[in-house]
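Everything below concerns the one structure shown next.
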Protein chains: 2
Amino acid sequence: MTKERILNIASEEFSKHGYSAVSMNSLVRRLEVNKATIYYHYKDKKALYHEVLKISLSESKANREKLLMGITDPKKRFHAFLKSFLQTIKEKPYIVGLWMHEVANFGSNMDESLTLIVEEMVLFLKELLDELPLKSEYKSCNPYMIFSIIHGTIDNFYAVQMSSLPINAQSSLKLNVDNTLNFLDGFLTDFILNAICQKESK
Amino acid sequence: MTKERILNIASEEFSKHGYSAVSMNSLVRRLEVNKATIYYHYKDKKALYHEVLKISLSESKANREKLLMGITDPKKRFHAFLKSFLQTIKEKPYIVGLWMHEVANFGSNMDESLTLIVEEMVLFLKELLDELPLKSEYKSCNPYMIFSIIHGTIDNFYAVQMSSLPINAQSSLKLNVDNTLNFLDGFLTDFILNAICQKESK
DNA sequence: GTCTATAGCTAGATAGAC
DNA sequence: GTCTATCTAGCTATAGAC
């Protein structure tokens, strides 16, 4: 279906180059469809971009619900929460650039409906944290901080590894999506849980 | 001096909106100077942007050298390393958006000279890490990972707090540069050091 | 070193045929 | 639902006067 094709290509392009750097003409070239056709399906460029953002947030939320289903152990739930972001990236790698651009713009293209989804994510994380056996100094710690550690680190590391620049070029993770995401999964989960949880006593 | 004024305004604008979203016309409007004057001082838009990136990296490096000077204790050196980024943000808040946009683009506007500065930063961090009393599992750990935890977290958290969106709106850090940077300084330094270093035995 | 004036192009968007 | 054709506005960049 054309409408979906437009959305997919648009997602890729907005993610790679950011909102302003993408022209409707460039989309037309890739889609091999007429420009007026895009405007038939989407009111304007902003509406198309907004749809792209919304879909990416929905996918993230859907993955979270899927991966957490049936899991009760608090640490495993936290792990699944983090993994759900990585899963979303695995399915739609373009999402990283999309979100980094949006955060870099200080959310200037976000509206209230999208803001609410983010707030809900952080609220969900807060509940996960409250179930964990936290060290006393991390009880009632700012969940936005933990959210930034998760998201900021994943996005930044993924972007550096997937960049074609010769940064960390000799690493086995370089330009390898699966290796990079698997590494982040193991490393970051342990890193955060070890930092904030009381030591195991079994 | 005009050349410097152009650079300062350009830094702000590129940071706020990203490379493509900034037009030479918009710079002219803010500068109240003729467009041809910009082209007298800078070859073209790309050259101007490149200069902005280079300056921002140089400032970061200069702050690192200043803040680490004379400090020998490994943990304090690590703290000073992290603090140097926060100091750079304090002096030039626009730097956060600038770098997030660049990372989101997977470094598509970086050339070899800028890449080298980043590599040198990570190499420096690696030496700092080697001096620390690391837990065995973090010996020879990927310094790019630690770099991403530092940079990704700072950038993401700062952007969220400074965004005018109603995300974490009730926090005392919201829209307050100094509080946010001070909080990051204390929280993140302890967080990382506690995670990777052996427990104190004194 | 800063200006006026303008070239040459590409952007986002739409009217109307099919 | 997709096309052709086209509008207007804005873009980067430069030639040449002062």
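Quick note: numbers below take in every heavy atom, side chains included, and nothing from hydrogens, waters or symmetry partners. Below, chain A is the first sequence line, B the second, and so on; all start at residue 1.
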Rounded to whole Å, how long is the line connecting atom [atom1] of [X] with atom [atom2] of [N]?
X	N	atom1	atom2	answer
B/His17	D/dC11	NE2	P	12 Å
B/His41	C/dC3	NE2	C1'	12 Å
A/Met24	D/dC7	CE	P	20 Å
A/Lys45	C/dT14	NZ	C1'	17 Å

- Message: Heavy atoms within less than 4.0 Å of DNA chain D: which residues of residues 25-40 of chain A have one? Give them sorted by number.
- Response: A/Val33, A/Asn34, A/Ala36, A/Thr37, A/Tyr40

Does [X] pair with [Y] as a salt bridge, N-O distance under 4.0 Å?
X	Y	answer
A/Arg77	A/Asp73	no
B/Arg5	B/Glu32	no
A/Glu120	A/Arg64	yes

- Query: Do any side-chain nitrogens or oxygens of B/Thr2 fall under 4.0 Å of OP1 or OP2 in C/dT2?
  - Reply: yes

- Output yes when at least one side-chain N/O atom of B/Ser23 is less than 4.0 Å from OP1 or OP2 of D/dG10, else no. no

- Message: Would you say the ring centers of A/Tyr19 and A/His101 fall short of 6.0 Å from each other?
- Response: no

Show me the donor-acceptor pairs within less than 3.5 Å that the side chains of residues 173-181 of chain B make with the rest of the protein, sequence neighbours left out.
| residue | atom | partner | partner atom | Å |
| --- | --- | --- | --- | --- |
| B/Lys174 | NZ | B/Val160 | O | 3.2 |
| B/Lys174 | NZ | B/Ser163 | O | 2.8 |
| B/Lys174 | NZ | B/Leu165 | O | 2.9 |
| B/Lys174 | NZ | B/Ile167 | O | 2.8 |
| B/Asn176 | OD1 | B/Asp178 | N | 3.2 |
| B/Asn176 | OD1 | B/Asn179 | N | 2.9 |
| B/Asn179 | ND2 | B/Ser172 | O | 3.4 |
| B/Thr180 | OG1 | B/Leu173 | O | 3.0 |
| B/Thr180 | OG1 | B/Asn176 | O | 2.9 |

- Message: Parallel, tilted or perpendicular: which one describes the rings of B/Phe191 and A/Phe191, with boundaries at 30° and 60°?
- Response: tilted

